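To keep things clear, I will list the structure first and then write my remarks on it.
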Amino acid sequence: MTKKTEKQILLDKRYLKMAQIWAENSYCKRRQVGAILVKNKMIISDGYNGTPEGFENICEDENGTTKPYVLHAEANAITKVAKSNNSSDGATLYVTTSPCMECSKLIIQAGIKKVVYTEKYRITDGLELLDRAGIEHFYLEID
């Protein structure tokens with residue numbers, strides 16, 4: 001694990017705040033999650049949890065259960081960068097909630113080297129997979 005400078009911590013907090021604001025775009029009621037993908041101090045992609053393009057913007061069924069086809073913020077950010085001319089190889093992902101197992105697989109395959117999050121999800125198998133892949137991840141509290 002690398003030692004973070006005060007300047008880097010300040011930058012990390014700012015990107016996390018941007019991810020929090022981006023989460024407000026989500027139509028999901030149970031949980032709104034935002035993600036910002038940064039490379040060379042440039043935002044190259046963003047995402048929030050929601051339904052696939054062209055679907056109705058309703059994330060939960062009548063019982064309040066999240067629909068199985070809802071995409072996580074990380075998946076949206078990664079697939080969005082895949083449609084662009086940018087590469088996520090070596091990038092840092094800022095996300096409001098720690099990634100699940102499925103998103104961690106995408107993070108690994110996308111070449112993302114660091115994940116910073118501000119809320120730890122109750123299921124930690126995604127973080128364990130990132131550890132196994134040697135991807136740095138940090139919990140960071142923001143003001």
Side-chain angles (χ1 to χ4, degrees), residues 1-53 55 57-61 63-143:
M1 183 164 23
T2 57
K3 188 173 189 293
K4 289 186 160 204
T5 65
E6 211 170 306
K7 184 178 179 182
Q8 185 60 52
I9 291 169
L10 188 61
L11 267 175
D12 288 347
K13 285 183 177 187
R14 287 180 180 151
Y15 285 128
L16 280 173
K17 284 178 185 176
M18 292 169 97
Q20 275 188 326
I21 290 168
W22 206 241
E24 295 172 14
N25 289 317
S26 173
Y27 288 89
C28 297
K29 293 180 177 143
R30 289 184 63 214
R31 176 187 300 266
Q32 292 182 315
V33 180
I36 302 288
L37 200 52
V38 176
K39 185 174 178 179
N40 300 325
K41 296 184 182 172
M42 277 191 327
I43 296 171
I44 60 168
S45 190
D46 51 55
Y48 51 87
N49 57 326
T51 56
E53 202 171 304
F55 281 58
N57 287 321
I58 301 169
C59 298
E60 295 85 10
D61 63 20
N63 299 318
T65 304
T66 301
K67 293 178 180 178
Y69 53 83
V70 168
L71 290 158
H72 290 186
E74 305 94 317
N76 267 326
I78 291 168
T79 55
K80 190 174 176 180
V81 79
K83 289 166 70 173
S84 75
N85 291 326
N86 288 314
S87 167
S88 56
D89 195 36
T92 298
L93 178 70
Y94 294 90
V95 62
T96 55
T97 304
S98 61
C100 69
M101 175 64 81
E102 292 304 310
C103 288
S104 290
K105 291 179 199 176
L106 293 174
I107 289 165
I108 294 164
Q109 290 301 98
I112 294 167
K113 295 301 177 208
K114 187 168 82 171
V115 178
V116 184
Y117 55 92
T118 189
E119 180 187 337
K120 197 175 230 181
Y121 189 58
R122 61 182 168 78
I123 302 167
T124 60
D125 58 356
L127 294 177
E128 292 162 14
L129 187 66
L130 294 180
D131 282 336
R132 186 171 173 193
I135 295 174
E136 288 183 86
H137 57 86
F138 301 95
Y139 164 80
L140 190 58
E141 200 171 303
I142 56 175
D143 311 322

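Start at 1 with the first residue, then count along the sequence. As the structure is a prediction and not an experimental result, all values here were calculated from the model.
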Check: For Lys83 and Glu53, what are the C-alpha separation, side-chain angles and deciding distance, and is it a salt bridge (Lys or Arg N to Asp or Glu O under 4.0 Å)?
Finding: CA-CA 13 Å; Lys83 289 166 70 173; Glu53 202 171 304; 3.6 Å; yes
Note to self: How close do Ile44 and Ala91 get, counting heavy atoms only, and between which atoms?
What the structure shows: CD1-CB, 4.4 Å
Notebook entry, point to check: Should Lys39 and Ser87 count as side-chain neighbours, where that means a heavy-atom distance under 4.5 Å?
Noted result: yes
Notebook entry, point to check: Among Asn57, Ile58, Val70, which residue meets the side-chain contact (heavy atoms from CB on, under 4.5 Å) test with Tyr27?
Noted result: Asn57
Check: Can you tell me if Ser98 uses its side chain to pair, donor with acceptor, with the backbone of Tyr121 under 3.5 Å?
Finding: yes
Check: How close do Asn86 and Ser84 get, heavy atom to heavy atom, and via which atoms?
Finding: N-OG, 3.0 Å
Next item on the list: Check whether any side-chain heavy atom of Leu11 lies under 4.5 Å from a side-chain heavy atom of Lys41, and answer yes or no.
Entry: yes
Note to self: If I take atom OG from residue Ser26 and atom NE2 from residue His72, how far apart are they, to the nearest 0.5 angstrom?
What the structure shows: 10.5 Å
Note to self: Please evaluate residues Val116 and His137 with respect to the criterion side chain to side chain contact (heavy atoms under 4.5 Å, CB included), reporting the C-alpha separation (whole Å), side-chain torsions for both, the decisive distance (0.1 Å), and the verdict.
What the structure shows: CA-CA 6 Å; Val116 184; His137 57 86; over 6 Å; no
Notebook entry, point to check: Which heavy atom of Asn76 sits nearest a heavy atom of Gly50, and at what distance?
Noted result: ND2-N, 4.1 Å
Notebook entry, point to check: Which distance, rounded to the nearest 0.5 Å, do you find between the NZ of Lys17 and the OG1 of Thr96?
Noted result: 15.0 Å
Margin query: Could you report the tightest heavy-atom contact between Arg30 and Gly64, atom names first, then the distance?
Written below: CD-O, 2.8 Å
Next item on the list: Supply the atom-to-atom distance Leu93 CG to Ile107 CD1, rounded to the nearest 0.5 angstrom.
Entry: 5.0 Å
Checklist line | Spacing of Tyr94 atom OH and Leu37 atom CG [to the nearest 0.5 Å] | finding: 10.0 Å
Item checked: Close side-chain approach of Cys59 to Asn49, heavy-atom, < 4.5 Å -> no
Checklist line | More than 12 heavy atoms from other groups under 6.0 Å of NZ on Lys120 | finding: no
Next item on the list: Return the minimal non-hydrogen interatomic distance between Ser45 and Ala77, and the atom names on each side.
Entry: OG-O, 2.7 Å
Next item on the list: Supply the atom-to-atom distance Thr92 OG1 to Tyr15 OH, rounded to the nearest 0.5 angstrom.
Entry: 9.0 Å
Item checked: Leu127 and Leu129, any side-chain heavy atoms less than 4.5 Å apart -> no
Check: If we only count heavy atoms from C-beta on, is the Ile135 to Lys114 side-chain gap below 4.5 Å?
Finding: no
Next item on the list: State plainly whether the residues Glu60 and Arg31 are in salt-bridge range, i.e. N to O under 4.0 Å.
Entry: no
Check: Do Val115 and Pro99 have side-chain heavy atoms sitting under 4.5 Å apart?
Finding: yes
Next item on the list: Would you mind reporting whether Ile123 and Met101 have side-chain heavy atoms less than 4.5 Å apart?
Entry: no
Note to self: Run Phe138 and Tyr117 through ring-ring contact (aromatic ring centres under 6.0 Å, His included) and show every step you take.
What the structure shows: CA-CA 6 Å; Phe138 301 95; Tyr117 55 92; 8.8 Å; no
Check: Got a sec: does the CG of Asn63 have more than 12 other heavy atoms crowding it under 6.0 Å?
Finding: yes
Check: Are any non-hydrogen side-chain atoms of Ile78 and Ile112 less than 4.5 angstrom apart?
Finding: yes
Next item on the list: Take atom CG of Asn40 as the centre, draw a 6.0 Å sphere, and report whether it contains more than 12 heavy atoms from other residues, nucleotides or ligands.
Entry: no
Check: Is it true that a side-chain atom of Ser104 and a backbone atom of Cys100 form a donor plus acceptor pair closer than 3.5 Å?
Finding: yes
Notebook entry, point to check: Out of curiosity, Lys80 NZ to Ser88 OG, how far, rounded to the nearest 0.5 Å?
Noted result: 14.0 Å
